[in-house]
Asks: 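My structure is below; once you've seen it, I'll send some questions.
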2 protein chains.
Amino acid sequence: MRDASLAEIRELALFRDIGEATFEALTRSAYHQTFPPQVTLIHQGQSADFFHVVTDGLVELVGNWNGRENTMVVLRPVSTFTLAACMTDAPYLMAARTIEQSRVILIPSSDLRAAFAADTAFALAIAHELANCYRGMVRHAKDMKLRTSRERLAGYILRQSALRGGASRFELPLEKRLLASFLGMTPENLSRALRALRDDGLAIDATHVTIADRAALDRVAHVTPLIDGPEPGAPDR
Amino acid sequence: MRDASLAEIRELALFRDIGEATFEALTRSAYHQTFPPQVTLIHQGQSADFFHVVTDGLVELVGNWNGRENTMVVLRPVSTFTLAACMTDAPYLMAARTIEQSRVILIPSSDLRAAFAADTAFALAIAHELANCYRGMVRHAKDMKLRTSRERLAGYILRQSALRGGASRFELPLEKRLLASFLGMTPENLSRALRALRDDGLAIDATHVTIADRAALDRVAHVTPLIDGPEPGAPDR
DNA sequence: CCCGTCGCTTAACAATTGTCAAGCCGATCG
DNA sequence: CGATCGGCTTGACAATTGTTAAGCGACGGG
């Protein structure tokens, strides 16, 4: 890896408190690679050879089953993936695909496990990361099981607003068909839900979002940290 | 804690490889308590004071939102819960309630974190447990987003069969309304789905399940380890 | 023993969501 | 500049799922 890349990731919560020797061992045989958009990085079912860190761009984790496909997570920088699979040396449960051009660090999973054993600070950071991934997935599952698609969309919009410091106008960060998949609905249904939410203080022109009446929108979404975060450095974008 | 309880949990994967001093520190101020059925052990949103281990009985983790409630996980012995919240000192995302009379070990979360820092073997065990919880929740989310309710039910039945060594006849381990909630549907819809699956080789009389045609049922469920496990000592029952 | 409660089922109906088909629009490219 | 492509929207329709209400049957308490 290049020195510039090393300095960049040394600041991450995952690596900030670890020893120099551990960091050196972790990065020795790591790659920092750039991928074009729409490239499949890993397939579900593959053995967990690498731990991944997205440093630039946008990556989605997708589940496949019986010919169907669904976006489970959208990862914006800086986020990790395949951590649980690497720690347990188990097959990936989800595939990963770049959405935009992205840069990803690949760390051999054996190095990851060695560093975990060798460095207590790193072990703690890993545990925190695993716990946050778990909690992100619990939130997503609650979102799916407790809210209707319209409510999920309203929640998503308010989360995005919160990520931007409460902005009332911003651009949708995802293609709508991708957003629909992430929210567990079809693009057609997303279109309908967007139109329906005009009555609840939401205006969308193409990718431009305007929250006209935040209170009304929250009357639909009932935003709560137990579903919608805060997600300090976490799951969706 | 009583000596009998101590010996019992010392064998668990979580505690098997840890040092005697760590084990002693972890169990010193721990409780092993028995709870009646239908008792709420923790509420969502509470601060994470205790790490929990179910040693007997049956416990459900439930999500609440806006007056709605949903069973996210069903824990059979021996399983843990609240691990992620304790490690990150964050509020519980789900409530926990006994289904049957249950015995639960409660370990102060500060002791848990201290043991993690003090004992590398314990840290590794914790990381594995966290990773397995994460993967269980990913599987559940995939189940929800990729399969219809009928397919989820078929998958659930085949998983239960697998847990019983491939038995073709067994008793439903859960009340149907609870199963319905876990599978993300209403009890009425579960009734319909059960009846519909008679055409696919499934017969259910009250709580007694008979798999008449496993191949036909799997043609609905398309069971795969990437959704249905194996779950060595894991999530649902 | 009877009665009330509770869980389950069924049926009719309503709401939500998915499917299919068509058309629009903006971007890209020859 | 015009053609083509892909993503988005819309509408009509179908399937799935939720809702409401009623009834059945097992269980436990009076």
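By convention in this document, chain letters (A, B, ...) are assigned in the order of the sequence lines, proteins followed by strands, and residues within each chain are numbered from 1. Side-chain atoms are counted along with the backbone in the values below, which use heavy atoms only and exclude waters and symmetry mates.
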Asks: Go through the side-chain N and O atoms of B:Ser161 and B:Arg214 and say whether any donor and acceptor fall under 3.5 Å apart.
Replies: yes
Asks: Any N or O donor-acceptor pair linking the side chain of A:Arg177 to the base of D:dG6 at under 3.5 Å?
Replies: no
Asks: Using whole Å, what does the distance between atom C1' of nucleotide D:dT19 and atom CZ of B:Arg68 come to?
Replies: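 Checked: the CZ to C1' distance equals 13 Å.
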Asks: May I ask you to say whether A:Arg76 pairs ionically with A:Asp56, meaning some side-chain N is under 4.0 Å from a carboxylate O?
Replies: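 A salt bridge is absent here (no side-chain N lies under 4.0 Å from a carboxylate O).
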Asks: It should be established whether A:Thr186 places a side-chain nitrogen or oxygen under 4.0 Å from OP1 or OP2 of nucleotide C:dT17.
Replies: no
Asks: Whole Å only: how far is the CD atom of B:Gln38 from the P atom of C:dG7?
Replies: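 Checked: the CD to P distance equals 9 Å.
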Asks: What is the nucleic acid contact for A:Glu188, judged by heavy atoms within less than 4.0 Å: base, sugar-phosphate only, or nothing?
Replies: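 The residue A:Glu188 makes base contact.
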Asks: Kindly say if A:Arg195 contacts the phosphate of D:dT9, meaning a side-chain N or O under 4.0 Å from OP1 or OP2.
Replies: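 Checking A:Arg195 against D:dT9: no side-chain N or O falls below 4.0 Å of OP1 or OP2.
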Asks: Calculate the interatomic distance between A:Leu194 atom CG and C:dT17 atom P; express it in whole Å.
Replies: 13 Å
Asks: Taking only the side-chain heavy atoms of A:Lys176 (C-beta and beyond), determine which of C:dT17, D:dT17, D:dC8 contains the nearest atom.
Replies: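 Per side-chain heavy atoms of A:Lys176, the pick is D:dC8.
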Asks: Roughly, in whole Å, what's the span from CG in B:Leu190 to P in C:dG7?
Replies: 15 Å
Asks: Can you tell me which nucleotide in D:dT17, C:dT17, C:dC8 comes closest to the side chain of A:Asn189?
Replies: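 Of the candidates, C:dT17 comes closest.
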Asks: Below the 4.0 Å mark, does C:dT17 have OP1 or OP2 next to a side-chain nitrogen or oxygen of A:Ser149?
Replies: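 Yes, because at least one side-chain N or O of A:Ser149 sits under 4.0 Å from OP1 or OP2 of C:dT17.
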Asks: Determine whether a donor-acceptor pair (one donor, one acceptor, N or O, separation below 3.5 Å) exists between the side chain of A:Arg192 and the base of C:dG18.
Replies: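 Per atom types, the contact qualifies.
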Asks: Ignoring hydrogens and angles, state whether a donor on the side chain of A:Arg177 or A:Thr186 is under 3.5 Å from an acceptor on the partner side chain.
Replies: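 A:Arg177 vs A:Thr186: no donor-acceptor pair found between side chains.
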Asks: Taking the basic N atoms (NZ, or NE/NH1/NH2) and the acidic carboxylate oxygens, is any pair closer than 4.0 Å for A:Glu151 and B:Arg68?
Replies: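 Here A:Glu151 pairs with B:Arg68 in a salt bridge, since their nearest N and O are under 4.0 Å apart.
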Asks: Would you kindly give the CZ-to-P distance between A:Arg150 and C:dG18, to the nearest whole Å?
Replies: 15 Å
Asks: Using atom CZ of A:Arg147 as one end and atom P of C:dT16 as the other, report the distance to the nearest whole Å.
Replies: 17 Å
Asks: Could you tell me how far apart B:Leu197 (CG) and C:dT9 (P) are, to the nearest whole angstrom?
Replies: 13 Å
Asks: Find the distance A:Asn70:CG to C:dG18:C1' and express it as a whole number of Å.
Replies: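 In whole Å, C:dG18 C1' lies 14 Å from A:Asn70 CG.
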Asks: Less than 4.0 angstrom from a charged side-chain N to a carboxylate O is my criterion; do A:Glu69 and A:Arg97 meet it?
Replies: yes
